[in-house]
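This report refers to the structure that appears directly beneath it.
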Amino acid sequence: MWDSEDRLVTVTLIGTAGVVAGALVFYPMGEFFWGTVVITLFVFSDLVDGNMARQLGRSSRWGAFLDSTLDRVADGAIFGGFILWYAGGGDDLVLCAVSIFCLASGQVVSYTKARGESIGLPVAVNGLVERAERLVISLVAAGLAGLHAFGVPGIQYLLPVALWIVAVGSLVTLIQRVVTVRRESAEAEAAAAQDRAGAQDNEGEQHNASHGSEAAT
């Protein structure tokens with residue numbers, strides 16, 4: 001029988017596969033509504049299962065690592081779908097470039113936090129546009145833009161606007177995290193220097209005290 005961790009890993013893999021399929025099959029064809037429906041179903045199921053695991057205390061280091069890694073894959077597929085659309089049938093190189101920037105900046109934003117935490121820094125900053133905001137803005141706009149195929153006029157412009165918002169917001173978030181890591185790093189180094197100085201002072205006092213006791217004898 002599978003244990004709870006195997007089940008969670010399986011759900012995570014299926015969820016990621018569904019997101020990748022929905023993004024790379026529907027989005028490059030301009031089918032934004034149905035692509036978003038498929039992606040949302042798989043994202044929602046993965047989120048519910050993950051939240052249940054954390055509440056029940058069944059999450060593990062391996063599960064957290066795999067979940068975070070596959071999140072990057074899913075994000076890449078979503079924005080990759082936009083890139084393929086604007087490079088192909090959408091025929092808009094500017095929006096293609098914006099989509100590429102959204103994909104790259106999203107990955108770098110995630111990396112800056114992970115790298116900062118790996119060197120012992122808290123990276124205590126809430127960025128303007130983090131992963132949740134990127135997904136909500138992009139998927140809602142894509143889904144609504146897809147309603148243009150059903151005869152809703154002008155709504156297709158929501159997606160380009162959303163991509164620009166995500167691009168600018170991701171850039172601001174990246175700057176916020178870099179500045180925060182720089183500040184926290186300087187504070188950590190200053191604290192370490194004070195600790196070293198304090199340790200040296202204590203050693204000097206102990207050394208002087210031992211010499212004083214020897215002289216008294």
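When reading the values below, keep in mind they use all heavy atoms of this one structure, side chains included, and skip hydrogens, waters and symmetry mates. This is a predicted model, so every value here is computed, not measured. Start at 1 with the first residue, then count along the sequence.
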With rounding to the nearest 0.5 angstrom, report the [atom1] to [atom2] distance, [X] to [Y].
| X | Y | atom1 | atom2 | result |
| --- | --- | --- | --- | --- |
| I83 | L163 | CD1 | CG | 9.5 Å |
| C96 | W85 | SG | CH2 | 12.5 Å |
| I78 | C102 | CD1 | SG | 12.0 Å |
| T36 | L139 | OG1 | CG | 5.5 Å |
| F79 | S105 | CZ | OG | 7.5 Å |
| D75 | Q107 | CG | CD | 6.0 Å |

Between E184 and A124 (side chain of the first, backbone of the second, donor and acceptor by atom type, cut-off under 3.5 Å), is there such a pair?
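The answer is yes, because a donor-acceptor pair under 3.5 Å joins these two groups.
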Checking S170 side chain against G106 main chain: does a donor-acceptor pair fall under 3.5 Å?
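Side chain of S170 to backbone of G106, a donor-acceptor pair under 3.5 Å: no, none is there.
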Do F82 and Y27 have ring centroids that are under 6.0 Å from one another?
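Between F82 and Y27, which both carry aromatic rings, the centre distance is below 6.0 Å.
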Shared ILVMFWY cluster between [X] and [Y], side chains joined below 4.5 angstrom?
| X | Y | value |
| --- | --- | --- |
| V172 | V166 | no |
| L144 | L41 | yes |
| L95 | V140 | yes |
| V178 | V109 | yes |

Examine the side chains of T180 and R177 and answer whether a donor and an acceptor come within less than 3.5 Å of each other.
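Short answer, no.
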Are the charged groups of E130 and R134 less than 4.0 angstrom apart, N to O?
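Salt bridge absent between E130 and R134.
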Apply side-chain contact (heavy atoms from CB on, under 4.5 Å) to the pair R131 and L135, showing each step before the final yes or no.
CA-CA 6 Å; R131 182 175 187 263; L135 287 181; 3.5 Å; yes
With side-chain contact (heavy atoms from CB on, under 4.5 Å) as the test, would you mind laying out the steps for L159 and Y86 before giving the verdict?
CA-CA 11 Å; L159 182 56; Y86 287 117; 3.5 Å; yes
Identify which one of I14, V20, V19, L13 satisfies the side chain to side chain contact (heavy atoms under 4.5 Å, CB included) criterion when paired with T16.
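The option that passes is V20.
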